[in-house]
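Data first, discussion second: the structure below is written as structure tokens.
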Number of protein chains: 2
Amino acid sequence: MIVNILMLTLTNTVRLVSDPMTTNNPGGTGRGSNAPSRREQILSAAAELFARYGFHGVGIDDIGAAVGISGPALYRHFRSKDAMLGEMLTGISERLLHGGRARTVNAGDPLTALEALVAWHVEFALTNSALITVHLRDLDSLTEPDRHRVRELQRGYVEVWVDTLRRCRPGTAEHTARASAHAVLGLINSTPHSALLDTARMSELLHRMAMNALLADHEDGHGTR
Amino acid sequence: MIVNILMLTLTNTVRLVSDPMTTNNPGGTGRGSNAPSRREQILSAAAELFARYGFHGVGIDDIGAAVGISGPALYRHFRSKDAMLGEMLTGISERLLHGGRARTVNAGDPLTALEALVAWHVEFALTNSALITVHLRDLDSLTEPDRHRVRELQRGYVEVWVDTLRRCRPGTAEHTARASAHAVLGLINSTPHSALLDTARMSELLHRMAMNALLADHEDGHGTR
DNA sequence: CCAGTGTGTTAATGATCGTTAACATCCTGA
DNA sequence: TCAGGATGTTAACGATCATTAACACACTGG
């Protein structure tokens, strides 16, 4: 108790001790275990529910039931319902940004960088469709600080796309590149609404459509054939 | 009162009299006036709010305040908050479907039909970005019958796309065409998140990207130039 | 002139839901 | 062995919010 008060009077961002409310260690009490921790179980279940019914459409009891505990027990793991959404969306945004950065710096020419970026986002969207849905839908259910953080990360990710695009097509205006990036992300993120093909075929289709949308070169609306 | 009871005992879908709760006449009491009726004012304001904060994030008082009246007065115009969302989303879905059908039947060859379809959706999305956002986000906040209706209309609209696509590229599997349609709709519907270019430039960009995504012809990921 | 309809207002109601309190249990480490 | 932390449980609290009640008032058509 006294320790908690001291922590709060110092600063929120500095962690004096490992606090189960804010750390993400796998395996609970087990030492080397990499089984998903309770927090991760909960976040994953919550993501599915949020994706299907929306953040405000899901009750705390629903989330509890989904992991076999009931209701208020969740407060042993998260400070609040808002905190769950916050961790979920900052998590996905960080993963996207870092993954995108990693794939583009390890690529030689701009075109393979773009290719890698598309492949990365396609794979991510297909693997985490629930997260994508929540990310698109419940961004504004976040508390102000979390929303700010997520927006920052998003901006950074789009920046990666913009830079890569402009290296592929020098002379493209920044606004144009940004709009193109948003459009292609929208294309790829459509996969949660679709889910008609098996993963391999879907991946290939999205990849090809994305590249064509970005690079196919003709000026008027329809091609010559 | 007695009349209402009689109406309910008969059937819900048959309208015995013109009921302000379910009709959409413009101009209120004015006869030929085509100024937006109160209902339309309210729906439009509600659409903006729903787009920004989500259906559950907007209170009935907020909607009232947005049109200058306060709270429960809305119940003079709509049966419930759910009914507002219902009318809003069935409305947009019907407009999309009918507009899409109209543009494709009036086109000669498949390619110009597709072109017209793309142009139609781009124009619609740019003109009604709030509605698009709500449509993508709050579909599952609908009551069951409304959701069913909207899903039906959506299915029909996608069907128009699928048919047009398959006439452009015979031999395309239906599943593939459907997935492509969803992807391109996702691309075009990205415009509410973007809004960086002026309408003309944005329209042209989305149009070109959509056509390239659908028609550009090469098999592997990157083009030959 | 005046019934009635359309349109508003504010106050109460009732349900839902996030959060906290109070209490129980199991497991671990000194 | 046993103190204490981690993790649950159920019951209460409090806020929010859609909906309804009760009332007011302009306007219009007979």
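Chain naming here is simple, since letters A, B, ... match the order of the sequence lines and numbering starts at 1 in each. Values in this document were obtained by computation on a predicted structure and should not be read as measured data.
- Atom CZ in B/Phe78 sits roughly 15 Å away from atom P in D/dA18 (whole-Å rounding).
- Distances shown here put every side-chain N or O of A/His77 at or beyond 4.0 Å from the OP1 or OP2 atom of D/dA6.
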* Intermediate values then yes/no, side chain to side chain contact (heavy atoms under 4.5 Å, CB included), B/Arg137 and B/Phe50 -> CA-CA 9 Å; B/Arg137 171 196 219 158; B/Phe50 290 167; over 6 Å; no
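- Between the OH atom of A/Tyr75 and the P atom of C/dG18 there is a distance of 7 Å, given to the nearest Å.
- Taking atom CD1 of residue B/Ile69 and atom P of nucleotide C/dG6, one finds them 16 Å apart after rounding to whole Å.
- Using a 4.0 Å heavy-atom cutoff across all strands shown, A/Ile60 reaches at least one base atom of the nucleic acid.
- Between the side chains of B/His121 and B/Tyr157, a donor-acceptor pair is found at a separation under 3.5 Å.
- Fit an axis to the five pairs at each end of the helix from C/dC1-D/dG30 to C/dA30-D/dT1 and the two axes sit 0° apart, to the nearest 10 degrees.
- In terms of the salt bridge (charged side-chain N to carboxylate O under 4.0 Å, His left out) criterion, B/Arg147 has no residue partners (sequence neighbours excluded).
- Taking atom NZ of A/Lys81 as the reference point, atom C1' of D/dA15 lies 14 Å away to the nearest angstrom.
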* **B/S/- contact track for nucleotides 21-26 of chain C, protein heavy atom under 4.0 Å** => -BB---
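- Residue A/Leu206 comes nearest to A/Ile188 through the heavy atom pair CD1-O, 4.2 Å, listed as atom of the first residue, atom of the second, then distance.
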* Give the intermediate values and the outcome of side chain to side chain contact (heavy atoms under 4.5 Å, CB included) for residues B/Arg38 and B/Val67. => CA-CA 9 Å; B/Arg38 210 71 222 264; B/Val67 296; 4.0 Å; yes
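- Residues A/Val58 and A/Leu49 come closest through the heavy atom pair CG2-O, 3.5 Å.
- Checking A/His135 against A/Asn189 by side-chain atom types alone, no donor-acceptor pair falls below 3.5 Å.
- Spacing between atom CG of A/Asp82 and atom P of C/dC17 amounts to 15 Å, rounded to whole angstrom units.
- Remark: P of D/dA15 and NE2 of B/His56 are 23 Å apart, rounded to the nearest angstrom.
- Judged by a 6.0 Å distance limit and a 45° cone about the ring axis, B/Lys81 is positioned over the six-membered ring of B/Phe55.
- Within the nucleic acid shown, B/Val67 has no heavy atom closer than 4.0 Å to any nucleic acid atom.
- If you take CZ of B/Arg39 and C1' of C/dG6, they are 14 Å apart, rounded to a whole angstrom.
- Here C/dG8 is the nucleotide among D/dT19, C/dG8, C/dT19 with the atom lying nearest to any side-chain atom of B/Arg38.
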* To do: Would you sort out whether B/Leu85 and B/Asp146 count as a side chain to side chain contact (heavy atoms under 4.5 Å, CB included), showing the intermediate values?
  => CA-CA 9 Å; B/Leu85 186 65; B/Asp146 280 337; over 6 Å; no
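- Remark: P of C/dG6 and CG of B/Leu74 are 17 Å apart, rounded to the nearest angstrom.
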